[in-house]
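Okay, so here's the structure we're looking at.
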Protein chains: 2
Amino acid sequence: METRARLEEAAVALTLRDGPEQVTIDAVSERAGVSPRTFFNYFDSKEDAILGIHDVELTDDFLAEHLARADGAETVESVTGLLFAIIGPAITDPALHESRVQIIKSNPQLLGRQVSQFTRMAGQIVDAITALLARDPRFSDLDPNNAQPTAELLLALCSGGLRAAVKEWIAAGSDSPAAELEQRAAALVRQTVERLT
Amino acid sequence: METRARLEEAAVALTLRDGPEQVTIDAVSERAGVSPRTFFNYFDSKEDAILGIHDVELTDDFLAEHLARADGAETVESVTGLLFAIIGPAITDPALHESRVQIIKSNPQLLGRQVSQFTRMAGQIVDAITALLARDPRFSDLDPNNAQPTAELLLALCSGGLRAAVKEWIAAGSDSPAAELEQRAAALVRQTVERLT
DNA sequence: TTGCGCAAATGCAAAATTGCAGGGATGCAA
DNA sequence: TTGCATCCCTGCAATTTTGCATTTGCGCAA
């Protein structure tokens, strides 16, 4: 098994047994059969390993795949879709999924990590959204000065939607298919935006 | 001078001279005349000290003052106002203001700290927003299950607006009065929301 | 087989962060 | 004055995190 996968497995197993606070990097590393230093070659923090969070390489291919449908006025759906593509693997991976849901349910603070993950990649994501806006008829007339802040706002909005959706999903028992989170997030966003006008 | 103020002054001065990376807690503490351990009694991190970030006690009085005008449909304005009241002191304090702007301009990553600050206080803020929504005619019919996610979304949206406004303000030279950031943030939010409908 | 080159893994040291326990000043009540 | 509670500060140890230099293992070409 890959080193990364072994570290994730170890982090999840030990956290399930002892709780996030009690788990040490040393213990996780040892269980995974690597040195503690190696742990940090794969994850930025203990929490990242527990949740299976890792930075995604936002290649052109990746962006093209997830922003493809935004040839019209589907910007919100595209952005939530992109974000879900980034965090999805961590909660849809069947092997660790159930344990992770369990862990988050008793340790909701861990979800805060999603925020920092998006923050870390914010620059790239904002650029991608900026490009997206040019193709949305509702935004294509923005002058470049406003496009950047607008893209940041959209990122914040959609991140919030996705996080709220995940939170809700976990609280409700996470029995519905995880893939629906994407639609739920977009629906939450649309719902809220409509009420604001 | 208060210990907290001395620590802020020391952090800003040393950062201005050497850059954020080079500054050590030891150096800041020594310059402030306290032990390194005391530093962490006041701030959660080096960045927090540089930016003058500290958790605000969200008392009933504080909330009442900043949410007062939300007796009607001014939810966005109220929330951005509340958030600005939290971060405002750090950038409006005349003593350190100029230096901080300078520092952020060459180290934009520091603004990410705003996000974690709001994340830390998210629970309380979301509760306050939830109460606010009940008084906004556009939201008062929400069933309690949806009120919480909606409040989270609003927080994310307004935080994003404020952060974008601050970023823009710094980039533009931060010559306009800082108090206008509040309106600018709300305007950005309204602008974006309107285009989405 | 030998040697080269790369990526992964490691060791080490410095710095950041946190929990816990204690120490000293200050003010207030008996 | 004495005793007590409280707040601020401190010391110390364990853990986390990062930067830098080095080593190891493996495939691949000569």
Side-chain angles (χ1 to χ4, degrees), chain A residues 1-15 17-57 59 103 107 109-110 112-117 119-121, chain B residues 1-15 17-57 59 103 107 109-110 112-117 119-121:
Chain A
M1 192 162 46
E2 292 303 318
T3 301
R4 151 164 269 120
R6 285 208 313 280
L7 284 167
E8 290 189 15
E9 189 280 333
V12 167
L14 293 180
T15 302
R17 200 189 60 188
D18 303 331
E21 318 257 288
Q22 315 311 319
V23 175
T24 67
I25 305 281
D26 282 349
V28 172
S29 310
E30 191 185 10
R31 182 176 172 122
V34 297
S35 83
R37 186 64 188 82
T38 298
F39 175 94
F40 287 102
N41 289 341
Y42 288 91
F43 299 99
D44 284 348
S45 73
K46 186 166 66 178
E47 283 88 357
D48 280 2
I50 296 173
L51 296 189
I53 286 178
H54 53 279
D55 284 6
V56 173
E57 209 191 339
T59 62
I103 290 172
N107 304 277
Q109 350 69 291
L110 290 177
R113 266 286 150 179
Q114 268 189 27
V115 179
S116 14
Q117 181 183 25
T119 301
R120 265 176 276 169
M121 306 195 278
Chain B
M1 191 162 45
E2 293 302 319
T3 300
R4 151 164 268 119
R6 284 208 313 279
L7 284 168
E8 291 188 15
E9 188 280 333
V12 167
L14 293 180
T15 301
R17 200 190 59 190
D18 303 331
E21 319 256 288
Q22 314 311 320
V23 175
T24 68
I25 306 280
D26 282 350
V28 173
S29 310
E30 190 184 9
R31 182 177 172 122
V34 297
S35 82
R37 186 65 188 83
T38 298
F39 175 94
F40 288 104
N41 289 340
Y42 286 91
F43 299 99
D44 284 349
S45 73
K46 185 166 66 178
E47 284 88 356
D48 280 2
I50 296 173
L51 297 190
I53 286 178
H54 53 279
D55 284 5
V56 173
E57 210 190 338
T59 63
I103 290 172
N107 303 276
Q109 351 68 293
L110 290 176
R113 265 286 150 180
Q114 267 188 28
V115 179
S116 15
Q117 182 183 24
T119 301
R120 264 178 276 168
M121 307 194 278

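Throughout, a chain's letter reflects where its sequence line sits, starting with A, and its residues are numbered from 1.
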Using the test side chain to side chain contact (heavy atoms under 4.5 Å, CB included), find all partners of [X] that sit at least two apart in sequence or belong to another chain.
{"X": "B/Arg31", "value": "B/Glu9, B/Ala10, B/Ala13, B/Leu14"}
{"X": "A/Asp44", "value": "A/Asp48, A/Arg120"}
{"X": "A/Arg37", "value": "A/Ser35, A/Phe40, A/Asn41"}
{"X": "A/Ser29", "value": "A/Ile25, A/Val34, A/Pro36, A/Phe39"}

Query raised in the report: So with a 6.0 Å cut-off around CD of B/Glu30, is the heavy-atom count from everything else above 12?
Result: no

So which protein nitrogen or oxygen atoms get under 3.5 Å of nucleotides 14-17 of chain D's nitrogens or oxygens?
{"unit_1": "D/dT16", "atom_1": "OP1", "unit_2": "A/Val23", "atom_2": "O", "d": "3.3"}
{"unit_1": "D/dT16", "atom_1": "OP1", "unit_2": "A/Ile25", "atom_2": "N", "d": "3.4"}
{"unit_1": "D/dT16", "atom_1": "OP1", "unit_2": "A/Lys46", "atom_2": "NZ", "d": "3.4"}
{"unit_1": "D/dT16", "atom_1": "OP2", "unit_2": "A/Ile25", "atom_2": "N", "d": "3.1"}
{"unit_1": "D/dT17", "atom_1": "OP2", "unit_2": "A/Lys46", "atom_2": "N", "d": "3.4"}

Please list each protein N or O that sits under 3.5 Å from an N or O in nucleotides 8-11 of chain C, with the distance.
{"unit_1": "C/dA9", "atom_1": "OP1", "unit_2": "A/Thr3", "atom_2": "OG1", "d": "2.4"}
{"unit_1": "C/dA9", "atom_1": "OP2", "unit_2": "A/Tyr42", "atom_2": "OH", "d": "2.2"}
{"unit_1": "C/dT10", "atom_1": "OP2", "unit_2": "A/Ser35", "atom_2": "N", "d": "2.7"}
{"unit_1": "C/dT10", "atom_1": "OP2", "unit_2": "A/Ser35", "atom_2": "OG", "d": "3.4"}
{"unit_1": "C/dT10", "atom_1": "OP2", "unit_2": "A/Thr38", "atom_2": "OG1", "d": "2.5"}
{"unit_1": "C/dG11", "atom_1": "O6", "unit_2": "A/Arg37", "atom_2": "NE", "d": "3.2"}

Query raised in the report: Where do B/Ile50 and B/Val12 come nearest, in terms of heavy atoms and distance?
Result: O-CG2, 3.4 Å

**Report entry** Flag side-chain contact, heavy atom, 4.5 Å: A/Gln117 against A/Arg113
**Finding:**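 No; the side chains remain at least 4.5 Å from each other.
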
